[in-house]
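Here's the structure we're looking at; comments come further down.
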Protein chains: 2
Amino acid sequence: MTELESPTWLTAQEQTFWRAYLRGSRLLENELNSALDGFGVQLTEYELISMLSEAPGGRLRMSLLADAIVQSRSRVTHTAARLEARGWVRRESCLEDKRGVELVLTESGRQAIEDMAWAHVKSVRDALVDALTPEEFAALGHAMEKVREHLHPGHQEPASAQQADCDADGDRAVPDCAS
Amino acid sequence: MTELESPTWLTAQEQTFWRAYLRGSRLLENELNSALDGFGVQLTEYELISMLSEAPGGRLRMSLLADAIVQSRSRVTHTAARLEARGWVRRESCLEDKRGVELVLTESGRQAIEDMAWAHVKSVRDALVDALTPEEFAALGHAMEKVREHLHPGHQEPASAQQADCDADGDRAVPDCAS
DNA sequence: AGCCCCTAGTTGAATTGTAAACCATCGATG
DNA sequence: CATCGATGGTTTACAATTCAACTAGGGGCT
């Protein structure tokens with residue numbers, strides 16, 4: 001440690017926690033990805049489709065989407081292109097703002113996510129939720145919510161169908177965890 | 001929700017927690033990465049060097065390293081090649097096992113990490129540790145430790161210099177959180 | 001209108017990551 | 001000691017991601 005010592009170093013304990021988080025989160029991500037790879041999709045793609053499936057009309061502006069799933073606009077453009085090639089999603093230009101583009105979930109996209117959701121949710125349960133006691137999981141959730149708010153104050157899920165009319169069915173959002 | 005209902009779906013509450021984790025962890029990763037990008041390094045590269053810096057003699061077998069930082073062997077090979085090109089690391093073939101390769105931190109690599117550590121630790125503190133109460137952070141750490149153990153039972157940090165002789169200095173491990 | 005700067009989104013090249021095939025060695029076993 | 005499956009690591013080809021332009025439309029101001 002020499003004289004580099006400074007109040008900013010982590011204590012041994014903090015370090016242990018931090019590493020647990022770092023490694024654990026990687027393992028978790030791997031796990032969730034492999035649950036999806038039978039479908040030829042990655043978690044990040046799943047997240048995108050899933051957000052779309054929850055939005056009213058299954059449509060969302062590119063930038064809202066990017067924001068919601070914490071990906072760069074560029075990345076969303078590329079990802080959307082891939083999904084479009086599979087016919088799961090369609091681009092529509094935005095009436096109110098001619099710069100804008102809306103991404104729309106196609107019927108076959110909706111079908112696809114309904115097929116995948118099962119496996120995805122199971123992996124989230126198996127790898128995370130059921131590995132913890134409800135209290136532990138809640139604590140994890142709260143802590144991460146705080147981190148999220150800290151790093152991106154006021155970050156909201158885009159107004160979603162899940163609010164009131166989730167059970168009214170109209171737009172079938174993939175209800176679960178989706179992403 | 002229709003009839004897809006099944007015991008495996010997440011409850012609304014679970015879903016909220018899960019999303020907080022998912023988005024929060026992405027924001028966090030972005031944050032930590034941007035703290036490093038003045039040095040032209042990514043978090044994953046930092047993790048590698050940091051593990052090395054803690055290992056006795058600053059050397060570690062490729063596969064141990066890969067395991068420790070939860071990256072594929074292939075990825076570690078590539079990353080190591082990049083770091084080698086910068087002169088931070090050197091490959092040495094292993095005496096006891098002729099298939100093996102040890103990665104050794106060079107003096108300039110050690111210098112580099114000492115330079116970066118400060119900024120890195122600060123980002124971990126600012127973005128995560130200090131954003132939570134000690135209790136919240138501990139709870140997060142415990143939960144993630146459990147997840148890690150669940151997904152990779154018996155996973156250990158490679159026997160590291162940090163054990164007893166950390167303060168003895170001999171090998172200067174970057175003490176902090178490193179990664 | 002004309003100007004300016006900001007936001008939305010795309011593009012394409014350069015980096016980085018993944019997956020599968022591959023070579024060499026290990027080490028148990030017959 | 002020859003064989004054979006498993007392990008350690010690299011390579012190659014390809015897929016995904018980033019990064020820095022770039023196009024185009026908003027929208028305030030004069």
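Sequence lines set the chain letters: A, B, ... in the order given, protein chains first and strands last, and positions in each chain run from 1.
- Side chain of Arg23(B) to backbone of Ala68(A): a donor-acceptor contact under 3.5 angstrom is found.
- Contact annotation: Arg91(B) does not reach the phosphate of dG9(D) (side-chain N/O to OP1 or OP2, under 4.0 Å).
- Note: His142(B) and Phe17(A) have perpendicular aromatic rings, judged against thresholds of 30 and 60 degrees for the angle between ring planes.
- Remark: Glu149(A) does not engage Lys146(A) in a salt bridge, criterion side-chain N to carboxylate O under 4.0 Å.
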What protein N or O atoms touch nucleotides 26-28 of chain D N or O atoms at under 3.5 angstrom, if any, and at what distances?
{"from": "dG26(D)", "atom 1": "OP1", "to": "Lys98(A)", "atom 2": "N", "distance (Å)": "3.1"}

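- Gln71(B) has its CD atom 14 Å from the P atom of dA19(C), to the nearest Å.
- His120(A) is listed as a side-chain neighbour of Leu43(A), based on a closest heavy-atom distance under 4.5 Å.
- How far CD of Glu31(B) is from CG of Leu27(B): 8.0 Å, rounded to the nearest 0.5 Å.
- Ion pairing between a basic and an acidic side chain is recognised when a charged N comes within 4.0 Å of a carboxylate O; Glu29(B) and Arg26(B) show no such pairing.
- Rounded to a whole Å, the CZ atom of Arg86(A) is 14 Å from the C1' atom of dA16(D).
- Distance Glu84(B) CD to dG9(D) P: 14 Å, rounded to the nearest Å.
- Side-chain atoms of Val41(B) and Trp88(B), non-hydrogen and from C-beta on, do get closer than 4.5 Å to each other.
- A sub-4.0 Å separation between OP1 or OP2 of dT10(D) and a side-chain N or O of Thr77(B) is present.
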Pairs: protein N or O with nucleotides 17-19 of chain D N or O, under 3.5 Å:
{"from": "dT17(D)", "atom 1": "OP1", "to": "Arg75(A)", "atom 2": "NH2", "distance (Å)": "2.6"}
{"from": "dT17(D)", "atom 1": "OP2", "to": "Arg82(A)", "atom 2": "NH2", "distance (Å)": "3.1"}
{"from": "dT18(D)", "atom 1": "O4", "to": "His78(A)", "atom 2": "NE2", "distance (Å)": "3.2"}
{"from": "dC19(D)", "atom 1": "N4", "to": "Ser74(A)", "atom 2": "OG", "distance (Å)": "2.7"}

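- If you take CG of Asp67(A) and C1' of dG9(C), they are 14 Å apart, rounded to a whole angstrom.
- Remark: P of dT18(C) and CG of Leu36(A) are 15 Å apart, rounded to the nearest angstrom.
- Rounded to whole Å, the distance from CE on Met62(A) to P on dT7(C) is 18 Å.
- Leu83(A) is not listed as a side-chain neighbour of Leu103(A), based on a closest heavy-atom distance of 4.5 Å or more.
- The separation between Arg73(A) atom CZ and dA16(D) atom P is 23 Å, rounded to whole Å.
- Separation of atoms CG (Leu28(B)) and OH (Tyr21(A)) is listed at 4.5 Å; rounding is to 0.5 Å.
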